[in-house]
Participant: 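Take a look at the following structure, please.
All chains are named by letter (A, B, ...) in the order of the sequence lines, taking the proteins before the strands, and each is independently numbered beginning at 1.
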Protein chains: 2
Amino acid sequence: MIPNWLLQRAYLTPNRMALSYEDKRWTFQQLLDEASLIARKLRWNGLNEGDRIALLGRSTPEMVFIIHGCLLAGLEIVMLNSRLSSKEISWQLDDCDASTLLVDDEFVDRIDELSTPKLTFAAIGSSGEESFSITKVWEPSRTITIMYTSGTTGYPKGVRQTAGNHTSSAVSSVLNLGLAEDDRWLCTMPLFHISGFSILARSVIYGMGVRLYEKFDAASIVEEIENGTVTRISVVATGLQRILEQFEKNGSVAHPSFQTMLAGGGPVPDDYLRRAQAYRLPVLQTYGMTETSSQTATLSSEDALRKSGSAGKPLFFNQIQIRDAGQPGDFGEVLVMGPHVTPGYIGHASERDPLEDGWLPTGDIGYIDEEGYLFIVDRRSDLIISGGENIYPAEIENVLISHPLVKEAGVCGQDHPEWGSVPVAFIVGEEKLTAPDLELYCKQQIASYKTPKAFYFVDELPRNASNKLLRRELKEWAKK
Amino acid sequence: MIPNWLLQRAYLTPNRMALSYEDKRWTFQQLLDEASLIARKLRWNGLNEGDRIALLGRSTPEMVFIIHGCLLAGLEIVMLNSRLSSKEISWQLDDCDASTLLVDDEFVDRIDELSTPKLTFAAIGSSGEESFSITKVWEPSRTITIMYTSGTTGYPKGVRQTAGNHTSSAVSSVLNLGLAEDDRWLCTMPLFHISGFSILARSVIYGMGVRLYEKFDAASIVEEIENGTVTRISVVATGLQRILEQFEKNGSVAHPSFQTMLAGGGPVPDDYLRRAQAYRLPVLQTYGMTETSSQTATLSSEDALRKSGSAGKPLFFNQIQIRDAGQPGDFGEVLVMGPHVTPGYIGHASERDPLEDGWLPTGDIGYIDEEGYLFIVDRRSDLIISGGENIYPAEIENVLISHPLVKEAGVCGQDHPEWGSVPVAFIVGEEKLTAPDLELYCKQQIASYKTPKAFYFVDELPRNASNKLLRRELKEWAKK
């Protein structure tokens with residue numbers, strides 16, 4: 001059994017700082033008070049223990065209160081990515097069968113036409129309250145969050161993340177990173193992503209403060225790292241690059257109390273690592289995914305350059321192996337096992353077992369060297385990682401193919417100086433079709449970061465004998 | 001599933017310091033090498049996965065290698081208290097049905113007459129080796145250690161401590177105490193006790209070094225605390241008192257890097273706490289027992305004086321309640337729940353379920369105050385805690401009653417300036433019986449620390465209407 005996180009935390013360390021945002025701050029007791037109020041209001045609105053709701057909001061304190069309010073009320077939260085198009089949100093809402101959509105008033109115009117009953121944050125705030133008894137302990141198998149992630153099929157799958165998954169992830173991480181009473185984790189990652197949500201989970205499990213930013217603001221972030229007002233931060237390569245530029249500009253270094261820059265969502269260039277050292281930023285590269293509720297493996301900062309390009313070793317409770325690898329260095333699919341691995345999906349993919357003989361096949365290709373360090377050689381064959389967001393070509397191709405003038409479509413990533421990679425499309429279509437047509441068509445249906453940044457019209461796509469699209473070949477075309 | 005502790009730890013941080021003793025030190029890789037060698041030798045001696053062995057040794061590096069060797073070989077270890085008499089050891093060996101007794105050569109003369117096959121440490125060292133494949137992950141329910149603890153019946157019960165119990169205990173503790181990469185835990189507690197064994201478990205789970213002492217040496221311990229060569233230590237009140245005296249003598253204070261003095265095995269006098277503050281020793285009082293694989297609750301050092309006498313709040317994964325308490329402050333039996341609580345006993349007590357509705361009744365009487373702090377008012381009715389060792393009057397009474405000239409016997413604790421408490425006996429017996437007779441008789445059968453320090457001859461014992469011995473009344477007599 002796992003204690004109800006916030007209830008236990010507020011009991012153990014009520015007066016410790018839990019959350020700060022701009023010039024406001026809340027202790028764990030105050031966070032519990034805010035979240036309990038929300039929970040009672042959610043109950044008053046007919047939401048009960050075990051109900052599944054969807055949540056669409058920004059990274060604000062209100063969002064944190066609502067997340068914890070949902071957990072106190074015993075709700076499963078489907079975390080919606082606020083960058084998605086209305087059509088994508090609608091698809092996920094249908095798939096997850098959420099009883100209610102809790103939505104930040106800022107986003108109300110985007111969900112006008114949805115059939116799911118809505119409850120705006122303002123409506124929650126002004127609603128009545130219903131007292132109830134909060135469940136004190138959770139079964140480890142209890143679903144806490146559901147996050148959608150696409151796969152090779154192009155249809156996003158709702159990944160269940162249980163109390164056991166999140167808790168073991170937080171605990172594994174602390175055995176690797178350590179913990180001090182004055183730790184503060186700066187969160188600029190979206191709360192609907194596992195990278196952001198996992199910071200909230202660590203906060204209540206560790207009794208650690210979260211310094212929340214709604215938007216990435218390099219100048220302020222660097223000021224906090226210089227002054228020692230935060231000790232840990234999660235970044236993707238794009239954010240790290242902006243932080244490095246700011247340090248260059250300031251001519252400063254990190255405060256000695258600064259502990260960890262956890263860099264996920266894809267590889268970090270060597271050049272960044274060298275520069276980070278100069279500013280005394282301990283960069284820890286990590287390998288994780290939605291299905292593993294954050295980190296599976298993490299590279300220690302002292303090994304950052306010696307083992308450049310490696311994702312490190314597994315965290316204490318996790319195991320990694322390479323499919324069919326006979327000896328160190330053999331390439332193969334990365335397989336992951338541990339208490340942090342999802343038990344499965346919901347909705348259309350609910351029948352699918354994510355595990356094979358207890359191991360999660362990640363689709364990523366990698367190897368383990370003689371010292372046991374994991375190297376990811378190729379992300380899930382076709383995955384495009386753009387500024388930390390995962391983009392699945394098949395999903396975009398599905399949209400393109402649905403256009404009446406498109407005959408065939410192939411999407412792949414193209415290197416990009418700021419985002420690491422961006423999607424581009426190769427199209428076989430009618431003559432009158434134009435790139436602006438396709439761009440508009442895409443933006444009406446998918447998130448803008450998924451919309452191809454270039455459309456190349458070609459006579460045919462590279463295919464193998466069995467007519468399968470050769471994505472590697474597409475990538476070569478994209479380099480020209 | 002839980003990774004095989006040492007195997008995973010040596011993989012993750014092979015070069016970190018694992019153990020030091022006098023002027024010798026071992027990294028985790030070296031510890032694994034030593035323990036693997038022992039494991040292969042144990043295999044060669046016919047000990048296989050799942051076998052139960054008993055272990056009688058001192059707190060030496062060799063003992064640490066053998067403990068980890070047993071775990072690698074998949075053995076259940078019955079930890080024998082080296083202070084016990086031959087008769088007591090014999091009783092526990094019969095009860096636990098261990099296939100083999102692994103014994104330090106120093107103790108060989110004490111186990112001459114036992115029927116259990118013996119394997120001395122020297123014999124292990126000189127034996128052959130048999131290669132085998134080490135089990136990489138453990139079921140949480142796997143029994144790791146068995147420790148005997150007496151109860152009100154006077155017959156010691158073998159408590160199962162599983163991989164899940166020890167692991168969750170270590171993890172709960174780290175969320176309370178924090179963790180730094182250069183942490184070193186000084187261990188002067190016996191390794192056969194949960195207080196000592198739990199330090200070894202934390203070491204491999206955290207990747208933390210253990211500084212091992214075979215004997216309590218106040219001068220050396222204080223020197224290490226002054227110099228910052230250790231950051232944590234576990235003590236009982238008696239040890240704390242000696243450490244304070246040493247600081248007084250040295251006129252020094254603890255090194256700023258010193259983090260935690262975990263004080264268990266009974267209450268710590270206020271006067272000690274005040275003096276500890278003066279030497280910058282953060283004393284954390286803790287409440288735990290063999291059945292809970294170390295700490296259930298711990299009082300933070302900042303609350304030490306404000307909440308004097310309290311055992312603090314539960315660790316994150318644990319729950320505490322007071323039986324039938326209607327409101328804060330109500331007295332009652334302390335009930336404990338959590339993943340650290342034993343699933344049960346072996347041997348004669350194996351049919352006994354330690355839990356009632358999922359809660360462990362501790363037998364201790366206490367209350368929880370309005371802020372949620374636990375106070376232990378009265379240890380398991382009759383428990384005598386002497387220098388951190390638990391002594392059960394019923395066990396000693398059983399021995400006394402077996403003497404042909406004793407008619408009735410009642411044992412209770414008497415305050416003692418150094419040990420906190422010592423056992424004394426009230427005897428109704430034949431006229432020719434003398435105290436030296438009884439002392440000799442006891443020492444032949446039970447550990448010397450359990451032998452009453454005084455024998456009072458009386459005409460009758462205080463009993464209630466149903467003839468039950470009134471121990472509280474005995475305690476009053478002992479004060480006269």
Participant: Quick check for you: to the nearest 0.5 Å, what is the distance between A:Gln321 atom CD and B:Lys136 atom NZ?
Facilitator: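 Here the interatomic distance stands at 7.5 Å.
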Participant: Can you name the closest pair of heavy atoms from A:Leu175 and B:Tyr206 and give their distance?
Facilitator: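 Residues A:Leu175 and B:Tyr206, closest heavy atoms: CD2-CD2, 3.7 Å.
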Participant: Side chain, backbone, both or neither: which part of A:Asn176 has a non-hydrogen atom closer than 4.5 Å to chain B?
Facilitator: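 For A:Asn176, neither part sits under 4.5 Å from chain B.
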Participant: Taking side chain as everything from C-beta outward and backbone as N, CA, C, O, which of these in B:Asp183 sits under 4.5 Å from a heavy atom of chain A? Side chain, backbone, both or neither.
Facilitator: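 Neither part.
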Participant: Verify, without hydrogens or angle tests, whether B:Gln8 (side chain) and A:Gln319 (backbone) share a donor-acceptor contact under 3.5 angstrom.
Facilitator: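 No.
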Participant: Are more than 12 heavy atoms from other residues, nucleotides or ligands located less than 6.0 Å from atom CZ of A:Arg306?
Facilitator: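 Yes, because the 6.0 Å sphere around CZ of A:Arg306 holds more than 12 heavy atoms from other groups.
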Participant: If I measure from the heavy atoms of chain B, does A:Pro14 come under 4.5 Å with its side chain, its backbone, both, or neither?
Facilitator: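 For A:Pro14, the side chain is the part near chain B, not the backbone.
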Participant: Less than 4.5 Å to any heavy atom of chain B: does that hold for the side chain of A:Leu315, its backbone, both, or neither?
Facilitator: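 Backbone of A:Leu315 only, per the 4.5 Å heavy-atom cut-off to chain B.
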Participant: Please classify the contact of A:Val171 with chain B as side chain, backbone, both or neither, using a heavy-atom distance under 4.5 Å.
Facilitator: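 Just its side chain gets close to chain B.
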Participant: Contact part of B:Glu371 toward chain A, heavy-atom cut-off under 4.5 Å: side chain, backbone, both or neither?
Facilitator: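 B:Glu371 touches chain A through backbone heavy atoms alone.
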Participant: Using a 6.0 Å cut-off, check whether atom CG of A:Asp357 has over 12 heavy atoms from anything other than its own residue.
Facilitator: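 Counting other residues, nucleotides and ligands, CG of A:Asp357 stays at 12 neighbours or fewer.
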Participant: Less than 4.5 Å apart, any side-chain heavy atom of B:Met1 and any of A:Phe317?
Facilitator: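 Not touching, per the 4.5 Å side-chain cut-off.
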Participant: Does a sphere of radius 6.0 Å around CG in A:Asp324 hold more than 12 heavy atoms from other residues, nucleotides or ligands, not counting ones at 6.0 Å or beyond?
Facilitator: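 Not buried by this count: 12 neighbours or fewer within 6.0 Å.
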Participant: So which of A:Pro314, A:Ser168, A:Gly338 has the largest heavy-atom pair count under 4.5 angstrom toward chain B?
Facilitator: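 Of the candidates given, the most pairs with chain B belong to A:Pro314.
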Participant: For B:Thr167, which atoms come within 4.5 Å of any heavy atom of chain A: side chain, backbone, both, or neither?
Facilitator: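 The side chain, not the backbone.
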Participant: Do you know the tightest heavy-atom contact between A:Lys313 and B:Leu12?
Facilitator: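 Closest approach of A:Lys313 to B:Leu12, heavy atoms only: NZ-O, 3.4 Å.
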Participant: Would you check if A:Pro3 and B:Asn318 make a side-chain contact, meaning some heavy-atom pair closer than 4.5 Å?
Facilitator: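 They are not in contact (no side-chain heavy atoms under 4.5 Å apart), so the answer is no.
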